[in-house]
Amino acid sequence: MSNKLVWPAHTTNLPDFRTDPAYANGSAYVDGKIVPIEEAKVPLLDWGFLRSDACQETISVWDGSFFRLSDHLDRFQRSIQRLRMDTAPVERADILRVVHELVAVCGFRDAYVQIIMTRGRPPIGSRDLRLCLNRFQAFCMPYMWVASPEKQETGMALHISRRVRVPPQSVDPLVKHYHWLDFEMSLFEAYENGADTVVLSDLDGNITEGPGFNIFAVIEGALRTPSSGMLDGMTRRSVMELCSELNVGVVEERISFERLLKATEIFLTTTAGGIIPVSSVNGTTVGSGAVGEQTRRIHHSYWHKRSSGWYGEPVAYIPEASSVHRSH
């Protein structure tokens with residue numbers, strides 16, 4: 001059997017109505033209107049910027065359909081509630097209109113959409129976060145990959161950092177937040193060691209997550225994934241469902257660095273690429289170094305089902321269907 005990954009065939013032609021080149025790189029929703037992404041700005045005093053006091057959801061569009069949009073909106077609401085961002089509530093129907101309009105104004109068939117709630121800012125002279133007016137904003141860009149399809153054929157080189165991920169006792173990992181300095185500094189460490197990306201550990205030395213992805217590994221013949229210390233990723237959730245359909249058991253447990261090195265297959269799961277094979281960990285080859293059988297099966301199933309409309313919601317590309325004001 002070939003080790004090559006299978007990708008769905010689809011058209012990436014833009015809808016005919018897209019005529020404004022200002023939106024070629026993407027779009028953004030700020031201060032109640034749609035603008036070209038290059039014009040989007042965040043107020044300097046917003047605590048989302050000053051203190052990383054924000055939450056977000058990243059939603060993918062593939063072949064003209066959002067993936068698990070309703071689930072993403074549910075998780076976004078969960079983050080908002082856990083961060084007690086309720087001074088400027090945003091209606092679900094309004095978010096739906098915004099995300100559809102963001103994609104439609106660009107005409108993208110494959111896109112990466114992020115919705116964001118920031119704390120906002122209190123009055124000058126105050127540090128009372130109860131006085132902040134929360135702010136909703138969003139943006140859309142062409143679909144992004146953690147690793148390109150070409151890179152995935154050979155697999156990513158992964159580095160496991162000994163730097164500790166922000167512990168759950170400090171920041172709730174079930175909130176999709178922007179506390180990424182631990183990831184950012186560890187990425188430099190990964191690059192300096194010849195790796196493509198990084199995964200962090202918890203206070204006990206167990207694997208947690210990487211910048212924007214979860215991790216799975218075949219260890220002692222069973223597919224395993226960390227059970228704590230990380231976001232319950234949407235692609236991770238999708239893989240668990242796929243494995244149930246494929247009669248592949250998945251064990252959620254704590255996985256030490258030393259145990260991960262015994263894996264015969266490792267893959268990452270992310271909105272920005274789906275199922276991403278890993279070929280080495282800290283310089284040690286994973287299995288034969290080629291894409292493993294389980295990884296290939298799950299990858300094929302994931303993209304096949306997505307191209308068939310699995311959890312899909314078609315983008316409303318007809319401009320008249322939207323009531324959101326846009327600039328230009």
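Applying the salt bridge (charged side-chain N to carboxylate O under 4.0 Å, His left out) test to every pair with at least one member in residues 190-203, sequence neighbours left out, gives these pairs: Lys151-Asp196. Within the structure, salt bridge (charged side-chain N to carboxylate O under 4.0 Å, His left out) contacts touching residues 47-60 (residues at least two apart or in different chains) are Asp53-Arg119, Glu57-Arg75.
Contact check for Pro36 versus Asn25: no side-chain heavy atoms found under the 4.5 Å cut-off. When side chains are defined from C-beta on, Val281 counts as touching Val286, because their heavy atoms get closer than 4.5 Å.
Here the shortest heavy-atom pairing between Met156 and Ala147 reads SD-CB, 3.6 Å. Closest non-hydrogen pair, Thr208 versus Ile215, comes out as O-CG2, 4.1 Å.
Residues forming a ring pair (Phe, Tyr, Trp, His ring centres under 6.0 Å) with Phe183 (at least two apart in sequence, or on another chain): Trp180.
Each of Arg121, Lys41, Arg135 was evaluated against Asp46; a single residue qualifies, Arg135, per the salt bridge (Lys or Arg N to Asp or Glu O under 4.0 Å) test.
Classification of the Phe136-Tyr29 ring pair by plane angle, with boundaries at 30° and 60°, yields tilted. In this structure, Trp145 and Trp303 have tilted ring planes: the angle between them lies in the 30° to 60° band.
One side chain, Gln114 or Thr58, offers a donor N or O that lies under 3.5 Å from an acceptor on the other. In this model, no donor atom of one side chain and acceptor atom of the other lie less than 3.5 Å apart for Arg306 and Ser238.
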